[in-house]
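Let me begin by presenting the structure, written as structure tokens, before commenting on it.
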Amino acid sequence: MTSFCVEAHDCPMTSCAAPAGSPCRTGRGKVAVQYHTARFRLVPALAKALNVPTPALRKPGTAWAQLLRSAAAEAEPAGHARIAGGDWQESLIE
């Protein structure tokens with residue numbers, strides 16, 4: 001389950017840039033054996049972890065391919081509100 005927490009974020013490594021929902025990749029385009037440190041550090045519960053291995057179901061060492069995003073990944077992030085209709089700036093209280 002830890003890996004899916006890591007995958008909730010895009011990988012900030014410019015050599016990887018795996019989107020949320022996909023495992024990290026190497027410079028040669030293969031699925032990385034471990035997630036990049038910069039990515040799993042985005043998860044507060046993993047801040048002190050030394051490494052987070054990519055689970056076998058992600059098939060480390062194989063050619064990287066973007067995984068399908070679930071409907072939940074497309075949903076509005078928790079804690080964000082959406083203002084229906086009109087200009088949102090009109091809704092601000094001055």
Side-chain angles (χ1 to χ4, degrees):
M1 194 55 83
T2 301
S3 63
F4 299 110
C5 295
V6 174
E7 290 180 9
H9 304 277
D10 295 339
C11 184
M13 300 289 293
T14 56
S15 60
C16 176
S22 291
C24 288
R25 57 186 165 186
T26 66
R28 294 185 177 193
K30 303 279 185 182
V31 175
V33 174
Q34 294 181 3
Y35 293 98
H36 294 122
T37 304
R39 189 177 194 184
F40 69 77
R41 296 282 176 159
L42 296 172
V43 181
L46 298 175
K48 294 183 181 179
L50 297 176
N51 63 51
V52 176
T54 302
L57 68 97
R58 295 293 196 229
K59 300 183 174 102
T62 61
W64 184 88
Q66 186 169 346
L67 301 175
L68 296 175
R69 297 187 79 179
S70 67
E74 301 294 330
E76 204 59 43
H80 291 245
R82 176 177 288 185
I83 298 171
D87 186 13
W88 66 270
Q89 290 179 335
E90 293 174 6
S91 301
L92 295 175
I93 299 173
E94 295 184 25

Exercise. Which residues, ordered by chain and number, are linked to Trp64 in its hydrophobic cluster, where ILVMFWY side chains connect at heavy-atom gaps below 4.5 Å, directly or through other members?
Worked result: Val31
Problem set entry | Between OG on residue Ser22 and CZ on residue Arg58, distance to nearest 0.5 Å | 7.0 Å
Problem set entry | Shortest non-hydrogen separation from Pro23 to Thr54 and the atoms involved | CB-CG2, 4.1 Å
Problem set entry | Test side chain to side chain contact (heavy atoms under 4.5 Å, CB included) applied to Arg39 - qualifying residues, sequence neighbours left out | Val6, Glu7, Cys11, Pro12, Ala18, Cys24, Tyr35
Exercise. Nearest 0.5 Å, what's the OG1-NE2 distance between Thr26 and His36?
Worked result: 7.5 Å
Would you mind writing out the side-chain donor-acceptor pairs for residues 41-52 within the sub-3.5 Å range, not counting sequence neighbours?
from, atom 1, to, atom 2, distance (Å)
Arg41, NH1, Ala47, O, 2.3
Arg41, NH2, Ala49, O, 3.4

